[in-house]
Amino acid sequence: MSRTTIFRIYSMSKPITSAAAMLLCEEGRLRLADPVSRYLPEFKDARVMVTRPDGNYDWCRPGVK
C-alpha cells in the first residue's frame with residue numbers, strides 16, 4: 001500500500017457518518033431534533049423540491065417541519 005492508494009468505499013460514508021452522529025449525540029454535542037442550520041448556517045434558507053399535482057416540480061417551497 002502506498003500513500004496514493006485509492007480505497008473504493010462507495011456508500012460506506014453513510015454508516016460512518018451515522019456512527020459519528022450517534023457518538024456526538026451521546027456526548028451531548030449534537031441533538032437530532034435540532035435544525036440542520038444550527039450546525040451548517042448555509043442551510044438556513046434551504047428549499048425543498050415538491051411535486052405539484054400536475055406532475056411537475058416546484059423548487060420554490062421552503063422546507064418545513
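Numbers here simply count residues along the sequence, with the first being 1.
K44 pairs by the side chain to side chain donor-acceptor pair (under 3.5 Å) definition with nothing, not counting sequence neighbours.
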Please determine whether side chain to side chain contact (heavy atoms under 4.5 Å, CB included) holds for the pair M22 and L32, giving the CA-CA distance in whole Å, both sets of side-chain angles, and the decisive distance to 0.1 Å. CA-CA 9 Å; M22 292 298 104; L32 295 179; 3.6 Å; yes
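Judged purely by distance below 3.5 Å, without hydrogens or angles, the side chains of K14 and T17 never pair a donor atom with an acceptor atom.
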Anything under 3.5 Å between a donor and an acceptor, one on a side chain of residues 3-10, the other on a protein residue two or more places apart or in another chain? List them.
unit_1: T4; atom_1: OG1; unit_2: S2; atom_2: OG; d: 3.1
unit_1: T5; atom_1: OG1; unit_2: S2; atom_2: N; d: 2.8
unit_1: T5; atom_1: OG1; unit_2: S2; atom_2: O; d: 3.0
unit_1: T5; atom_1: OG1; unit_2: S2; atom_2: OG; d: 3.4

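Residue pairs meeting the side-chain hydrogen bond (donor to acceptor under 3.5 Å, both in side chains) criterion with at least one partner in residues 22-32, sequence neighbours excluded, are E27-R29, R31-D34.
Heavy atoms from other residues, nucleotides or ligands lying under 6.0 Å from OH of Y39 number more than 12.
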